[in-house]
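Reviewing the structure listed below.
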Amino acid sequence: MSSSRHDRSLPSGSPASQVSAPPARVQEVSDGIYAYIQPDGSWWVNNTGFLVGEHGVISVDSCATERRTLAYREAIRSVTGRPITTLINTHHHGDHTFGNFAFPEATIVGHEQTRKMVLAEGIAEYRTLAWTPVDWGDLRPCPPFLTYTDGVTVHSGELRCEVRHVGTPAHTDNDSIVWIPERSLLFAGDLLFNGGTPFVMTGSVAGTVEVLEELKGLGAETIVPGHGEVCGPEVIDRVLGYLRFLADVAERGRAAGLSPLEAARETDLGEYGGLLDSERIVGNLYRAYAELDGLPRGGPIDLVAALGDMVAFNGGRPLTCLA
Ligand SMILES: [Zn+2]
């Protein structure tokens, strides 16, 4: 009996999934400020961005794999020859921090808890458990080493970039935004997915709702979400709509004695079924159930079980990863 791990229909070293990832691109979102958009924004395929100032470049986040991070560096280089002096991490997830090591000249800035989580998880092995295989490259954990608790302002020439911790667990227990008030421009990290299913498994449903309601008051006109195309504030309401739907499914499923997986299987995702990575409903329900049970926001849940049930929801197939 042959093992599926050695399926010869896949060329070795180049998973078929990699071939189908559309190319990344640089998009100027304001004078001297760029989003680096990596389509299609699904699992592990994140956005970054950078500001070009007179003394150098400030980057918001790195990428998941060595190859993608080096391509991102090349993209910065295609815009400016100035040194990359600063790298800000919006949260600890590997798609935003695994590539930190490729910025040895930069001061890496992040929330205290972002540093703690990068140190605790390292290059987390769970990346190989639930997703289709990709070439991750030679990754080394590299946490923020200039940390803050509430926030810090980084200056790109005359331009203020306000790095603000959101104050409560939301997408994770360590989310920060990068807000550039003079340009009404927001780097939202993974508080916002545009075209992908929102994901709060490692954070909080209630916390994310609270944070997004506050974000609406910021007055952002241009938003670079953590995944998906550059957008405006309308995406905040779309994500809030999903979270309300999620909370409703959780309440009814829990009352009916259904497990998160069962509740997800019995639910018609409706308008949300067309979002990328719809299996996140299961991980999100694990978090929503835990909160209904009284677990504090961001408290520990069984992530291995949640990942396993997302795979089960996906027909037992590994989750699609184009990283
Ligand atoms: Zn994330």
Side-chain angles (χ1 to χ4, degrees), residues 14 18-42 44-91 93-110 114 118 123 134-146 152 154-161 163 176 178 180 182-183 185-190 222-230 322-323:
S14 62
Q18 280 185 22
V19 178
S20 61
R25 66 177 196 282
V26 173
Q27 180 176 342
E28 189 166 18
V29 288
S30 185
D31 189 27
I33 308 177
Y34 303 84
Y36 182 68
I37 303 298
Q38 298 195 96
D40 57 0
S42 58
W44 298 93
V45 181
N46 68 314
N47 293 332
T48 60
F50 58 98
L51 298 87
V52 180
E54 55 191 297
H55 299 299
V57 175
I58 299 167
S59 174
V60 180
D61 285 332
S62 58
C63 307
T65 69
E66 181 180 22
R67 180 176 52 82
R68 280 189 177 273
T69 303
L70 296 179
Y72 171 45
R73 284 200 61 125
E74 279 305 304
I76 296 174
R77 190 61 59 221
S78 74
V79 172
T80 177
R82 292 177 193 167
I84 302 166
T85 58
T86 312
L87 170 60
I88 299 164
N89 286 141
T90 57
H91 63 296
H93 279 162
D95 45 342
H96 299 256
T97 60
F98 280 175
N100 283 2
F101 76 92
F103 297 84
E105 74 278 52
T107 299
I108 306 179
V109 179
T114 303
V118 170
I123 305 299
V134 294
D135 177 11
W136 294 91
D138 183 19
L139 300 171
R140 305 177 284 288
C142 196
F145 55 88
L146 182 63
V152 66
V154 181
H155 298 263
S156 177
E158 294 296 304
L159 202 59
R160 288 175 67 87
C161 309
V163 184
S176 294
V178 180
I180 303 164
E182 265 179 62
R183 307 290 177 84
L185 175 65
L186 175 68
F187 286 90
D190 283 0
T222 308
I223 297 178
V224 182
H227 296 254
E229 296 295 321
V230 174
L322 305 183

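When a residue number appears, it is its place in the shown sequence, counting from 1. Note that these values count all heavy atoms, side chains included, but never hydrogens, waters or copies made by symmetry.
Residues S30 and L185 share a closest heavy-atom pair of CB-CD2, 4.3 Å. Of all heavy-atom pairs between G226 and D190, the closest is CA-OD1, 3.2 Å. Nearest approach of D40 to S42, heavy atoms of both residues: OD1-OG, 2.7 Å. Here the closest non-hydrogen pair linking A75 and Y36 is CB-CE1, 3.5 Å. Of all heavy-atom pairs spanning T86 and V109, the tightest one is CG2-CG2, 3.9 Å. When all heavy atoms of A64 and F98 are compared, the closest pair comes out as O-CB, 3.2 Å.
For the ring-ring contact (aromatic ring centres under 6.0 Å, His included) test, no residue two or more places apart in sequence or in another chain qualifies with F187. Not a single salt bridge (charged side-chain N to carboxylate O under 4.0 Å, His left out) links R77 to another residue, sequence neighbours left out.
Using a 4.0 Å cut-off between charged nitrogen and carboxylate oxygen, E66 and R73 do not count as a salt-bridge pair.
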Tabulate below the donor-acceptor pairs under 3.5 Å that side-chain atoms of residues 48-56 make, not counting sequence neighbours, or state none.
none

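When the shell of 6.0 Å around CD of E105 is examined, it contains more than 12 heavy atoms from other residues, nucleotides or ligands.
To the nearest 0.5 Å, atoms CZ (F101) and CG (L139) are separated by 5.5 Å. To the nearest 0.5 Å, atoms CH2 (W136) and CH2 (W44) are separated by 4.0 Å. For the atom pair S62 OG and F103 CZ, the distance stands at 6.0 Å (nearest 0.5 Å). Taking CG from L87 and CG from L146, the interatomic distance works out to 11.5 Å, rounded to the nearest 0.5 Å. Interatomic distance, OG1 of T114 versus NE2 of H93, reported as 10.0 Å (0.5 Å rounding). Here OG of S176 is found 9.5 Å from CD1 of I88. Values are rounded to the nearest 0.5 Å.
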Inset, instruction - Output, in order, the C-alpha distance, side-chain angles, deciding distance and verdict of side chain to side chain contact (heavy atoms under 4.5 Å, CB included) for T65 and D135. - result: CA-CA 7 Å; T65 69; D135 177 11; over 6 Å; no
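The aromatic rings of H91 and H96 sit tilted, their planes meeting at an angle between 30° and 60°.
Within the 4.5 Å cutoff, the side chain of T222 has no heavy atoms near those of the R183 side chain. Within the 4.5 Å cutoff, no side-chain heavy atoms of V79 are placed close to those of E28. Between C161 and I180 there is a side-chain heavy-atom pair separated by less than 4.5 Å.
Listed for the N46 side chain is a donor-acceptor partner under 3.5 Å among the backbone atoms of D95. For the pair N47 (side chain) and A35 (backbone), a donor-acceptor distance under 3.5 Å is absent. When atom types are taken as modelled, the side chain of R25 and the backbone of P39 share no donor-acceptor pair closer than 3.5 angstrom.
N100 and N89 share a side-chain donor-acceptor pair at under 3.5 Å.
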